[in-house]
Amino acid sequence: AQSVTQPDIHITVSEGASLELRCNYSYGATPYLFWYVQSPGQGLQLLLKYFSGDTLVQGIKGFEAEFKRSQSSFNLRKPSVHWSDAAEYFCAVGAGGLTGGGNKLTFGTGTQLKVEL
Amino acid sequence: SQTIHQWPATLVQPVGSPLSLECTVEGTSNPNLYWYRQAAGRGLQLLFYSVGIGQISSEVPQNLSASRPQDRQFILSSKKLLLSDSGFYLCAWSPPGGRDGYTFGSGTRLTVV
């Protein structure tokens, strides 16, 4: 079964500083990987995704993530954080539709990002 | 373009009362549909998913049920709510294949009192 670990529950960074949110996954084959962002009381918005090809993927809002198979990681990065980036971030892993399992995604428990002005 | 609608946004229900949350998708056909529950500090828990009309898979035993009476409609129900059913419920859809991830609705905050 697939699983996701986000080891940091809370992270605080200063506005303008760089950001890296960690994500480690467990899956037997090449996974489909996603990062989502959630503002308070809202649904989740897709930031970026990886399923094959270039291991460095670009997303919306200036975010990027790098897939490292050897480390089973898919860390999210942003070179300069804005106050509006304060939110909760979720990493997710999926097995795709070939298994017949309905493209189920398994989510991490989330990292709450606080941005200090 | 595709859109997903989920309602109501907020709901306060007494213990033992019934529940019906509705989710509809527009602009696509034969979507995969999902219900997740999010409890504070516990991430997202998949409750049900559906790959077609009348096809429901349950991920965890619980007090809830789901139905898909139409291709783009997904309903979450309970006959008698428990206090433990409180939480933030999210509906999502995806195209077949898995590469596109999910698109989520805006969620329903359910408080059982």
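Lettering of chains follows the sequences in order, A, B, ..., and the numbering in each one begins at 1.
Crowding of Ile9(A) atom CD1: a count of heavy atoms from other residues, nucleotides or ligands under 6.0 Å not exceeding 12.
Note: Glu59(B) CD to Thr106(A) OG1 = 8.5 Å, rounded to the nearest 0.5 Å. Atom-to-atom distance recorded for Asp100(B):CG and Tyr32(A):OH is 9.5 Å, nearest 0.5 angstrom.
Cluster annotation: Leu83(B) and Val12(B) are assigned to distinct hydrophobic clusters (Ile/Leu/Val/Met/Phe/Trp/Tyr, side-chain heavy-atom contacts under 4.5 Å, transitive). Trp7(B) and Tyr34(B) end up in different hydrophobic clusters when Ile, Leu, Val, Met, Phe, Trp and Tyr side chains are linked at under 4.5 Å. Linking ILVMFWY side-chain heavy atoms closer than 4.5 Å, directly or via other members, places Leu19(B) and Leu82(B) in two distinct hydrophobic clusters. Linking Ile, Leu, Val, Met, Phe, Trp and Tyr residues whenever their side-chain heavy atoms come within less than 4.5 Å places Ile60(A) and Phe63(A) in a single cluster. Taking hydrophobic clusters as Ile, Leu, Val, Met, Phe, Trp and Tyr residues chained together by side-chain heavy-atom distances below 4.5 Å, Leu56(A) does not share a cluster with Leu33(A).
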Subject >> Criterion side-chain contact (heavy atoms from CB on, under 4.5 Å) on Tyr36(B) and Leu105(A), from CA distance to verdict >> reply: CA-CA 10 Å; Tyr36(B) 278 83; Leu105(A) 293 186; 3.9 Å; yes
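Contacts between residues 71-79 of chain B and chain A, defined by a heavy-atom separation under 4.5 Å, are made by no residue at all.
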Exercise answer: donor-acceptor pairs, residues 34-46 of chain A side-chain atoms, under 3.5 Å, sequence neighbours excluded:
from: Trp35(A); atom 1: NE1; to: Phe74(A); atom 2: O; distance (Å): 2.8
from: Tyr36(A); atom 1: OH; to: Tyr102(B); atom 2: N; distance (Å): 2.7
from: Tyr36(A); atom 1: OH; to: Tyr102(B); atom 2: O; distance (Å): 3.1
from: Gln38(A); atom 1: OE1; to: Gln38(B); atom 2: NE2; distance (Å): 2.8
from: Gln38(A); atom 1: NE2; to: Gln42(A); atom 2: O; distance (Å): 2.7
from: Gln38(A); atom 1: NE2; to: Gln38(B); atom 2: OE1; distance (Å): 2.9
from: Gln45(A); atom 1: OE1; to: Lys61(A); atom 2: NZ; distance (Å): 3.2

